Amino acid sequence: MQGWGIVLAALTLVAGPARADTTAPEIAPAHYTLQARIDADGTLHARVAIELTAEAAAAPMSFLLGERFAIDRADAGTGGNVAIAATDQPFPGLQKITAQFAAQGPARLELDYSGPLTGGPNSVAAFAEDRIELSVDNMWFPVREDISLQFTVDATFQGIPADYVAVSQGTLTRADDGTVRMIRARPDIDLPLIAARGLQRETLSGAEFHATDPDGVLTALFRKHAAQAGEFFQAWFGPLREPFRIVLLSREQTMSYVRSGYMVLSDGGAAGREAAKEDFPEANPARHIAHEFAHAWWSPADAMSEHYWMSESVAEYAAIRYVEATFGIADAQRLIERIRERGEAAGPVIGHGRPSADQLYRRGPLLLFELEEAVGRAALDRTLATLGRDPPRETAQFLQALAAEAGADAAAGFDAALRRDGPLGTDDEADADVP
């Protein structure tokens with residue numbers, strides 16, 4: 001999930017001081033009702049209602065929206081008030097909308113706004129000649145300032161051209177008048193949508209695979225390894241727990257991102273040009289799509305907490321294991337060595353709040369390979385197989401499953417390794433008393 005661009009790069013700024021975060025996300029999610037119209041020139045007209053739990057609404061709450069949108073109406077209910085101000089946090093080009101609710105109990109914030117979909121410090125264009133690509137990176141809808149509010153969705157979109165194929169999370173339908181409706185009952189922190197001309201769909205290992213250039217070199221590799229990785233992971237972690245949709249866009253931006261049941265990749269730009277070279281290592285795109293596919297199982301951990309390593313570190317470990325099974329130990333070892341230097345210097349994975357990118361994508365996977373060596377591959381595989389069928393939200397759940405399979409000493413040692421600073425492979429590893 002390394003492709004969140006500006007937004008995820010800025011999350012450490014949003015999160016504030018490092019903290020030992022051991023709490024789960026809000027039990028009751030928020031709910032977004034959105035009505036959107038997209039004009040032919042890419043202008044968005046939106047009406048959003050955000051329903052919040054009594055607990056969430058008890059204190060003032062701030063949301064971020066791109067500064068390019070003019071807010072025509074902001075309503076926090078009877079007795080409530082809304083303040084709007086420009087902000088450059090976590091990056092320039094935003095406005096902060098702070099709502100204070102008067103009544104106790106559940107609350108509702110309503111906003112009407114309009115403006116260009118594309119503009120400001122975006123990491124990807126939301127509106128192009130042949131597609132519409134919406135995600136939190138565009139800051140096109142109000143998102144809580146820590147970008148971690150879990151919410152369900154009922155959204156309608158008007159103005160999407162009739163020849164565009166739309167893909168998103170949840171259930172997507174298209175009415176006779178062309179209106180696209182998205183209903184998502186599973187909470188997530190984003191409201192993503194792709195609508196593009198020429199998207200073609202097929203089913204691979206139970207997942208939907210959509211591509212704008214099915215015959216592209218990189219698309220062919222992604223298709224091949226999506227199918228194979230899907231089978232590999234389902235044999236290991238169990239069947240897919242929800243619909244999973246993969247979208248391959250032919251665009252210059254090479255960023256990729258994953259949300260609950262939803263993956264977007266690029267087969268164009270520099271990535272596409274590299275894939276066309278004769279000496280291009282096939283294991284690279286194989287690892288990439290395997291990592292993203294692994295999030296079909298490894299994703300429930302709160303992205304703003306220290307537990308997030310169970311999404312990214314485990315997905316990267318699983319992806320390298322897929323590369324080993326498909327291409328052999330040499331290719332897997334090459335990938336391991338590529339992450340070793342920065343992983344060694346990355347610092348503790350947990351115990352200080354949300355891990356850094358190096359801790360998530362490098363040190364965490366290396367620690368899992370150390371754990372594999374300590375307890376044996378079979379024991380770790382059984383642990384991950386158990387957890388994959390009911391993915392954990394907190395590190396304690398991972399350690400409990402590990403203890404049940406490999407013993408309390410192994411779990412305690414791995415906990416210490418996750419918290420350890422300095423080089424890997426020191427004497428306090430989890431292998432001291434593990435057979």
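Here the structure is a predicted model, which is why all the values come from computation and not from measurement.
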Within the 4.5 Å heavy-atom criterion, are [X] and [Y] side-chain neighbours or not?
X    : Y    : result
E306 : E394 : no
W298 : P392 : yes
L34  : L191 : yes
F157 : L172 : no
R181 : D154 : yes
S114 : L44  : no
I97  : I71  : yes
L109 : F63  : yes

Can you tell me how far apart [atom1] ([X]) and [atom2] ([Y]) are? Round to the nearest 0.5 Å.
X    : Y    : atom1 : atom2 : result
D302 : H307 : CG    : NE2   : 8.0 Å
L387 : R382 : CG    : CZ    : 13.0 Å
T33  : I50  : OG1   : CD1   : 10.0 Å
L94  : M139 : CG    : CE    : 5.5 Å
L371 : L402 : CG    : CG    : 5.5 Å
R420 : I350 : CZ    : CD1   : 12.0 Å

Point to revise | Pair M263-H295, side chain to side chain contact (heavy atoms under 4.5 Å, CB included): steps then yes or no | key: CA-CA 9 Å; M263 177 199 308; H295 285 302; over 6 Å; no
Between [X] and [Y], which heavy-atom pair has the shortest distance, and what is it?
X    : Y    : value
A166 : L193 : CB-CD1, 4.4 Å
A57  : A107 : CB-CB, 3.5 Å
D213 : S250 : CB-OG, 3.3 Å
S313 : G364 : OG-CA, 3.4 Å
L64  : P90  : CD1-CD, 3.6 Å
R363 : A346 : CB-CB, 4.0 Å

Are [X] and [Y] within salt-bridge range, i.e. N to O under 4.0 Å?
X    : Y    : value
D190 : R144 : no
R342 : D358 : yes
E110 : R73  : yes
R197 : D163 : yes
E316 : R338 : no
E133 : R251 : yes

Can a donor-acceptor pair be found between the side chains of [X] and [Y] at a distance below 3.5 Å?
X    : Y    : value
H225 : Y322 : yes
Q169 : R184 : yes
E208 : T203 : no
T156 : T179 : no
D188 : Q150 : no
Y317 : E372 : yes
D39  : H45  : yes

Classify the ring geometry of [X] against [Y]: parallel below 30°, tilted from 30° to 60°, perpendicular beyond 60°.
X    : Y    : value
H288 : F222 : tilted
F237 : W297 : tilted
W309 : F414 : perpendicular

Point to revise | Distance under 6.0 Å and angle within 45° of ring axis: R321 vs W236 | key: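 Yes, a cation-pi geometry holds between R321 and W236.
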Check your understanding: Regarding R68 and the six-membered ring of Y113, is the cationic atom NZ or CZ under 6.0 Å from the ring centre and inside 45° of its axis?
Key ->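 No, a cation-pi geometry is absent between R68 and Y113.
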Check your understanding: V153 and F141: side chain to side chain contact (heavy atoms under 4.5 Å, CB included), yes or no, with the steps?
Key -> CA-CA 12 Å; V153 175; F141 71 97; over 6 Å; no
Practice item. List the steps and the verdict of side-chain hydrogen bond (donor to acceptor under 3.5 Å, both in side chains) for Q95 and T87. Key: CA-CA 5 Å; Q95 53 190 320; T87 181; over 6 Å; no
Practice item. Report the C-alpha distance between R223 and Q228 in whole Å, list the side-chain angles of each, state the deciding distance to 0.1 Å, and finish with yes or no for side chain to side chain contact (heavy atoms under 4.5 Å, CB included). Key: CA-CA 9 Å; R223 177 193 293 109; Q228 294 179 183; over 6 Å; no
Side chain [X], main chain [Y], donor-acceptor under 3.5 Å:
X    : Y    : value
R131 : F127 : no
R241 : A296 : yes
Q359 : P348 : yes

Practice item. Walk me through it: do M182 and T171 pass the test side chain to side chain contact (heavy atoms under 4.5 Å, CB included)? Key: CA-CA 6 Å; M182 169 193 175; T171 301; over 6 Å; no
Exercise for review: State whether the number of non-hydrogen atoms from other residues, nucleotides or ligands found under 6.0 Å of N81 atom CG is greater than 12.
Suggested key: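 Count over threshold, so yes.
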**Study point:** Evaluation steps, side-chain hydrogen bond (donor to acceptor under 3.5 Å, both in side chains), between H210 and E202
**Key:** CA-CA 7 Å; H210 303 257; E202 58 184 302; over 6 Å; no
Review point. Which is it for E292 and R259 under the salt bridge (charged side-chain N to carboxylate O under 4.0 Å, His left out) test, yes or no, and what are the steps along the way?
Key: CA-CA 10 Å; E292 306 296 17; R259 306 297 185 259; over 6 Å; no
Review point. What about the rings of F244 and Y262, do their centers lie closer together than 6.0 Å?
Key: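 No, too far apart.
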Point to revise | Qualifying residue, where the test is side chain to side chain contact (heavy atoms under 4.5 Å, CB included) with V264 and the options are I246, L248, I194, V258 | key: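 With V264 as partner, I246, L248, I194, V258 yield a single side chain to side chain contact (heavy atoms under 4.5 Å, CB included), made by I194.
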